[in-house]
Structure formats: C-alpha cells, structure tokens
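A quick write-up on the structure given underneath.
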Amino acid sequence: TDKLGVAIRVSGNEQDNGGIGEDYDKLTIAPNYAITESLGAIVEYSDIDEGNADNNLFAVQSFDTNWHCLRSILPYSHDR
C-alpha cells in the first residue's frame with residue numbers, strides 16, 4: 001500500500017457587505033504519512049490572505065485507524 005500522500009486545497013470567500021466583509025483566499029498543503037498499518041500522521045500548512053492581512057496556520061496531527069480518532073498535536077498560527 002501507499003505510505004505517503006498529499007492533499008492540496010484552494011478555497012476562498014467573497015462577500016459584498018458594503019465594504020465590510022470577510023473576504024479571504026486560502027491555500028492548504030497537507031502531506032500525510034502511514035507510520036504503521038494503523039498509525040498515521042498529517043502535517044498541514046495553510047496560507048490565508050485576508051485583504052491586507054496575511055496569516056499562516058501550521059498543525060501536526062496523528063490518527064489511529066483502529067480507534068478512528070484524530071488528534072492535533074501542535075496547532076500554530078502566525079500573523080505576518
């Protein structure tokens with residue numbers, strides 16, 4: 001079976017609220033790796049552009065396919 005995979009997502013939102021809104025563009029890259037047959041890990045990075053603000057989000061997650069659970073180990077957000 002494959003041990004390595006990657007998800008790439010592009011999303012965004014545009015609202016016309018008379019100049020007041022929450023417009024954003026978001027790019028997420030999330031490589032994942034099967035450590036064992038039932039244990040995996042995901043590292044996720046998102047670049048979020050909100051008008052004049054540029055934000056980054058970084059997270060490391062682990063999952064056990066026997067328990068069907070997902071746990072965030074290290075969520076991190078940074079504003080540029």
On a heavy-atom basis, the closest approach of Ala30 and Ile42 is CB-CG2, 4.1 Å

One should read off an interatomic distance between Asn56 CG and Asp54 CG, to the nearest 0.5 angstrom, of 6.0 Å

Correct closest heavy-atom pair for Ala41 and Phe63 would be N-CE2, 3.7 Å

One should read off an interatomic distance between Lys26 NZ and Asn13 CG, to the nearest 0.5 angstrom, of 11.5 Å

* Would a hydrophobic clustering, with Ile, Leu, Val, Met, Phe, Trp and Tyr connected at side-chain separations under 4.5 Å, put Leu4 with Leu39? -> yes

One should read off an interatomic distance between Tyr45 OH and Leu57 CG, to the nearest 0.5 angstrom, of 9.5 Å

The reported gap from CZ in Arg9 to CG in Leu27 (rounded to nearest 0.5 angstrom) is 9.5 Å

Interatomic distance, CG@Asn32 vs NZ@Lys3, rounded to 0.5 Å, equals 12.5 Å

